[in-house]
Amino acid sequence: MSNTGFKIQSGTNESDNLYHIKLEGDIAVKEIINLKHALESLNPDGSNVVIDLRNIDSYDLTSIQVLYSYRKKLADMGQSLLINCDDEIYVVDLMCNTGFGDMINIRQ
């Protein structure tokens with residue numbers, strides 16, 4: 001799926017049985033509605049979900065809140081969400097200082 005400011009790729013990885021979502025581009029406030037609709041349109045089919053943010057150019061607290069909301073939706077269905085991000089201090093600080101630190105897995 002491709003939107004104005006970001007691209008999203010998704011699918012189940014047979015080797016780890018997780019549903020992987022890869023986001024690229026801009027998911028900051030101007031793309032928030034598109035991001036929300038894109039996530040809602042995916043069907044992880046009971047699998048736990050991993051979102052890869054390592055190729056994101058721009059995001060902010062609003063986009064992190066949308067990801068948190070998606071995590072709550074998955075939790076209601078008995079699924080979990082893990083976010084892979086790089087080790088940039090801004091990313092880690094933003095997520096940890098806003099209460100979302102338990103959602104991240106730092107990858108280099």
Side-chain angles (χ1 to χ4, degrees):
M1 177 182 292
S2 179
N3 294 300
T4 307
F6 69 94
K7 292 190 322 188
I8 185 170
Q9 299 172 333
S10 63
T12 302
N13 184 330
E14 299 291 327
S15 66
D16 62 13
N17 205 30
L18 298 171
Y19 190 81
H20 290 261
I21 300 170
K22 183 177 182 180
L23 294 169
E24 298 178 359
D26 177 7
I27 60 168
V29 70
K30 68 181 180 180
E31 290 293 337
I32 227 48
I33 296 299
N34 290 332
L35 175 62
K36 184 176 185 299
H37 290 305
L39 291 173
E40 289 174 351
S41 72
L42 298 176
N43 183 11
D45 196 29
S47 299
N48 291 325
V49 177
V50 176
I51 296 181
D52 188 342
L53 296 180
R54 290 177 287 177
N55 292 313
I56 290 298
D57 297 327
S58 175
Y59 62 100
D60 56 18
L61 183 56
T62 308
S63 48
I64 300 303
Q65 289 171 326
V66 167
L67 295 175
Y68 182 77
S69 174
Y70 185 60
R71 179 176 81 159
K72 287 186 60 90
K73 177 183 172 185
L74 291 171
D76 289 346
M77 298 184 298
Q79 297 164 265
S80 65
L81 171 66
L82 180 66
I83 296 177
N84 287 336
C85 64
D86 57 26
D87 61 352
E88 290 182 32
I89 296 301
Y90 171 76
V91 175
V92 175
D93 282 350
L94 176 63
M95 295 189 75
C96 290
N97 292 335
T98 54
F100 301 111
D102 64 332
M103 290 174 43
I104 63 173
N105 181 29
I106 300 171
R107 299 277 175 105
Q108 296 185 17

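Both backbone and side-chain heavy atoms feed into the values below; hydrogens, waters and symmetry mates do not.
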**Prompt:** So which pairs with a foot in residues 12-27 pass salt bridge (charged side-chain N to carboxylate O under 4.0 Å, His left out), sequence neighbours left out?
**Reply:** Lys7-Glu24, Lys22-Glu24, Asp26-Lys30
**With sequence neighbours excluded, residues passing salt bridge (Lys or Arg N to Asp or Glu O under 4.0 Å) with Lys36** = Glu40
**Message:** To the closest 0.5 Å, what do you measure between CD1 (Ile27) and CG (Leu39)?
**Reply:** 8.5 Å
**Asked** For Asp57, which residues count as a side chain to side chain contact (heavy atoms under 4.5 Å, CB included) partner, sequence neighbours excluded?
**Response** none
**Request:** Quick one: pull up OG in Ser10 and CG in Asp52 and give me the separation to the nearest 0.5 Å.
**Result:** 12.5 Å
**Message:** Just verifying a value: how many Å separate Leu23 CG and Leu67 CG, rounded to the nearest 0.5 Å?
**Reply:** 7.0 Å
**Message:** With a 4.5 Å cut-off on side-chain heavy atoms, are Val49 and Leu42 touching?
**Reply:** no
**Residues in side chain to side chain contact (heavy atoms under 4.5 Å, CB included) contact with Ile33, at least two apart in sequence or another chain** = His37
**Joint hydrophobic cluster, Ile51 plus Ile32, side-chain heavy atoms closer than 4.5 Å** = yes
**Message:** Tell me whether Leu53 shares a hydrophobic cluster with Leu74, the cluster being built from Ile, Leu, Val, Met, Phe, Trp, Tyr side chains joined at under 4.5 Å.
**Reply:** yes
**Request:** With sequence neighbours left out, write down each residue that passes side chain to side chain donor-acceptor pair (under 3.5 Å) with Ser80, or none if nothing qualifies.
**Result:** Asn48
**Message:** Does anything in residues 68-84 form a salt bridge (charged side-chain N to carboxylate O under 4.0 Å, His left out)? List the pairs, not counting sequence neighbours.
**Reply:** Arg71-Asp102
**Message:** Strictly by ring-ring contact (aromatic ring centres under 6.0 Å, His included), give each pair with a member in residues 63-83 just once, sequence neighbours left out.
**Reply:** Tyr68-Phe100
**Asked** With a 4.5 Å heavy-atom cut-off, do Val66 and Ser69 have their side chains touching?
**Response** no
**Of all pairs that satisfy ring-ring contact (aromatic ring centres under 6.0 Å, His included), the ones with a partner from residues 9-33, not counting sequence neighbours** = none
**Asked** About how many Å separate CG of Asn13 and CG of Leu18, when rounded to the nearest 0.5 Å?
**Response** 7.5 Å
